[in-house]
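The structure under discussion appears below in the form of structure tokens.
What you see below is based on every heavy atom in this structure, not just the backbone, and it leaves out hydrogens, waters and symmetry mates. None of these values were measured; they are calculated from a predicted model. First the proteins, then the strands, lettered A, B, ... as listed; each starts at 1.
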Amino acid sequence: MTYTSALLRLLDERGYIHQMTDAEGLDKLAATQVVPGYIGFDATAPSLHVGSLVQIMLLRRLQQAGHKPVVLMGGGTTRIGDPTGRDESRKMLTAETIDANIASIRTVFERFLTFGDGPTDAVMVNNHDWLGKLGYIELLQEVGTNFTVNRMLTFDSVKLRLEREQPMTFLEFNYMILQGYDFWHLAKTGGVRLQMGGSDQWGNIVNGIELSRRKDGIEVFGVTTPLLTTADGGKMGKTAAGAVWLNEDALPAYDFWQYWRNADDRDVGKFLRLFTDLPLEEIARLESLEGSEINAAKVTLANEVTRLCRGEEAARTAEATAAQTFAGGGLGADLPVIVLPPDGITLIDALVGIGFAASRGEAKRLIAGGGARVDGEAITDEAHMIAASAADVRISSGKKKHGVLRPA
RNA sequence: GGACAGGUGGCCGAGUGGUUAAAGGCAGCAGACUGUAAAUCUGCCCGCGCAAGCGUACGCUAGUUCGAAUCUAGCCCUGUCCA
């Protein structure tokens with residue numbers, strides 16, 4: 001269908017929409033007024049990772065289309081402890097940790113959104129502010145009567161778990177109620193009219209919509225994004241080193257840049273639409289590049305995403321480092337560096353020290369497998385000693401990971 | 001509370017006394033090919049040690065045994081059914 005509102009047109013043409021509750025209704029609303037819309041985020045770690053980037057961009061689009069983004073931090077729900085872990089001993093986070101996490105995560109949002117007091121300025125809220133005050137009995141009275149277990153059992157999140165005969169705790173079961181409560185609360189007190197989220201949030205969103213309607217007759221809307229997978233079927237944002245974190249102190253800009261530079265050919269267009277502000281015509285051009293030409297599009301992708309998330313400077317340095325390292329065979333400023341002691345260092349220690357191997361055994365295997373290089377030359381001798389040198393020595397694991405040994 | 005099934009390496013999942021650091025798959029790392037892509041093929045994939053080897057590991061604890069992931073007891077946890 002064709003939309004009249006700038007918001008839905010934007011979301012549609014860039015590929016953010018998976019499901020919507022009432023497309024016409026939302027379209028009409030977005031065409032006539034500023035729509036405050038929110039997305040919820042976890043506060044379990046000091047940084048979000050690439051998996052949350054679609055949602056963050058979605059809030060950015062909302063603002064671009066002239067609406068008001070509301071970032072909901074799950075300070076309250078996190079405080080209860082994340083129940084999804086299979087090991088029960090998932091530790092509960094302290095209030096201080098959660099608050100620190102939220103502060104850290106906020107710095108990233110500030111790059112993507114304009115915060116402030118204006119009508120379309122972004123705001124960040126914390127559901128601990130209202131959930132924390134809520135007594136259990138009160139919660140049961142307020143919202144418990146509006147949920148039937150019959151219906152809750154039909155939601156995918158519950159149904160799948162039961163079908164797979166995996167445990168679902170009562171706490172988890174309650175999450176959907178708490179999340180529904182969030183939506184209602186924001187609708188009632190903040191005029192929020194829209195909740196967005198990943199496709200796995202559909203059930204929660206619908207619950208909030210129902211709750212708002214039943215309690216106060218407020219009409220609110222929901223949009224979900226498609227589940228993002230890479231073209232080869234993997235989850236977004238997993239690499240050798242683990243998650244691709246958005247915060248600089250959790251993942252260096254160069255590694256962040258490399259993540260995008262190494263995107264699958266088939267994902268380039270999709271990623272450009274979702275994660276950059278480039279105009280669609282430009283994206284269409286980049287996406288149509290064939291063969292090795294598409295590498296240029298990947299560089300653009302990496303530059304744009306890094307610029308948004310880490311800033312102009314970080315993107316430039318990362319790109320320059322990549323150019324020098326790969327094209328020039330040299331050393332870029334952003335590569336990891338460790339000290340080359342005056343009396344040299346074993347290759348094994350160097351590999352472990354710089355983080356290319358997690359243990360000495362792993363370093364040895366890397367060497368034995370022919371993946372270790374010193375100044376571009378493959379070394380297969382496990383006992384190899386890197387002699388002291390006046391100049392920087394380049395050390396590599398495979399063809400992509402490079403680092404610098406710098407004389408003290 | 002009772003009956004039954006189960007808890008294995010990052011994940012899934014074999015293994016029911018030794019030859020098992022534990023099949024197979026996924027994920028991951030490296031090599032070849034290429035374009036810092038994909039697909040494919042090859043090697044690696046608990047830690048320490050140059051090595052022989054040592055240490056740790058199959059829910060927890062205590063046993064049986066020359067020897068246990070495998071047997072016994074107790075406990076904890078999960079699922080299914082019954083109360």
Side-chain angles (χ1 to χ4, degrees), chain A residues 83-90 158 160-172 229-244 254-272 286-303 306 318-332 334-335 346-349 351-352 354-374 376-385 394-403:
Chain A
T84 53
R86 296 265 267 126
D87 307 325
E88 85 304 326
S89 57
R90 176 72 67 102
V158 178
L160 292 173
R161 201 74 87 74
L162 294 179
E163 275 167 12
R164 295 174 60 199
E165 297 193 350
Q166 286 184 339
M168 162 163 265
T169 66
F170 186 63
L171 184 63
E172 284 176 279
T229 52
T230 51
D232 56 357
K235 279 206 197 84
M236 275 290 294
K238 294 257 296 192
T239 62
V244 180
Y254 176 69
D255 294 321
F256 185 80
W257 193 92
Q258 280 292 327
Y259 174 74
W260 298 100
R261 172 59 185 81
N262 283 306
D264 190 300
D265 284 9
R266 295 164 290 180
D267 287 327
V268 171
K270 180 168 76 178
F271 287 179
L272 283 167
L286 289 168
E287 187 178 23
S288 67
L289 294 173
E290 297 282 339
S292 62
E293 301 266 287
I294 201 161
N295 283 333
K298 292 185 188 178
V299 170
T300 304
L301 172 67
N303 282 340
T306 306
E319 185 189 12
T321 295
Q324 283 160 23
T325 307
F326 288 96
L331 296 167
D334 249 5
L335 295 179
T346 63
L347 178 53
I348 290 175
D349 287 336
L351 288 169
V352 173
I354 208 155
F356 290 167
S359 67
R360 296 172 55 78
E362 199 177 303
K364 281 184 224 170
R365 277 180 240 122
L366 178 66
I367 297 168
R373 288 187 174 79
V374 175
E377 201 175 319
I379 305 288
T380 49
D381 173 18
E382 284 184 7
H384 184 80
M385 189 76 192
R394 172 196 175 100
I395 180 174
S396 316
S397 163
K399 289 179 184 142
K400 290 189 202 169
K401 282 185 280 188
H402 306 283

Of all the choices, [options], which nucleotide is nearest to the side chain of [X] once you look at every atom?
X	options	answer
L366(A)	A38(B), A30(B), U34(B)	A30(B)
K364(A)	A30(B), A51(B), G31(B)	A51(B)
N295(A)	U36(B), A38(B), G35(B)	G35(B)
R373(A)	G35(B), G31(B), A51(B)	G31(B)
Q258(A)	U36(B), A37(B), C29(B)	U36(B)
K400(A)	A30(B), U36(B), G31(B)	U36(B)

With rounding to the closest Å, how many angstrom separate the [atom1] atoms on [N] and [M]?
N	M	atom1	answer
G10(B)	G18(B)	P	25 Å
C66(B)	G15(B)	C1'	23 Å
C58(B)	A23(B)	P	16 Å
G25(B)	U19(B)	P	22 Å
A51(B)	U72(B)	P	40 Å
G28(B)	C11(B)	C1'	12 Å
C12(B)	C76(B)	C1'	24 Å
C81(B)	A14(B)	C1'	28 Å

Next on the checklist: Donor-acceptor check, side chain of K364(A) to backbone of I348(A), threshold 3.5 angstrom: yes or no?
Outcome noted: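 Pair absent, no side-chain N/O of K364(A) close to backbone of I348(A).
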Tell me what [X] touches on the nucleic acid: a base, only sugar-phosphate, or nothing, going by heavy atoms under 4.0 Å.
X	answer
G291(A)	base
S397(A)	sugar-phosphate
A322(A)	base

Nearest whole Å is fine: how far is [N] [atom2] from [X] [atom1]?
X	N	atom1	atom2	answer
E293(A)	U34(B)	CD	C1'	15 Å
D264(A)	G35(B)	CG	C1'	13 Å
F356(A)	C45(B)	CZ	C1'	19 Å
I367(A)	G31(B)	CD1	P	13 Å
D265(A)	U36(B)	CG	P	12 Å
K298(A)	G35(B)	NZ	C1'	7 Å
K399(A)	U36(B)	NZ	C1'	10 Å

Checklist entry - Roughly how far, to the nearest 0.5 Å, is the CG atom of L289(A) from the CG atom of N295(A)? => result 9.5 Å
Item to check | C29(B) OP1/OP2 closer than 4.0 Å to side-chain N/O of K401(A) | outcome: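 So the side-chain polar atoms of K401(A) never come under 4.0 Å of the phosphate oxygens OP1 or OP2 of C29(B).
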Can you see which heavy atom on [X] is nearest to which on [Y], and at what distance?
X	Y	answer
S396(A)	L351(A)	O-CD2, 4.4 Å
V268(A)	A297(A)	CG1-CB, 3.8 Å
F356(A)	G403(A)	CZ-N, 3.7 Å
H402(A)	F326(A)	NE2-CE2, 3.9 Å

Write down the protein N/O and nucleotide N/O pairs, taken from nucleotides 46-48 of chain B, whose separation is under 3.5 Å; answer none if there are no such pairs.
residue: G47(B); atom: OP1; partner: S359(A); partner atom: OG; Å: 2.9
residue: G47(B); atom: OP2; partner: R365(A); partner atom: NH2; Å: 2.5
residue: C48(B); atom: OP1; partner: R360(A); partner atom: N; Å: 2.9
residue: C48(B); atom: OP2; partner: G361(A); partner atom: N; Å: 2.9

Pull out every protein N or O sitting under 3.5 Å from an N or O of nucleotides 52-56 of chain B, one pair per line with the distance.
none

Checklist outcome for this item: Taking a pair to mean Watson-Crick or G-U wobble geometry with both distances below 3.5 Å, C71(B) pairs with G63(B)
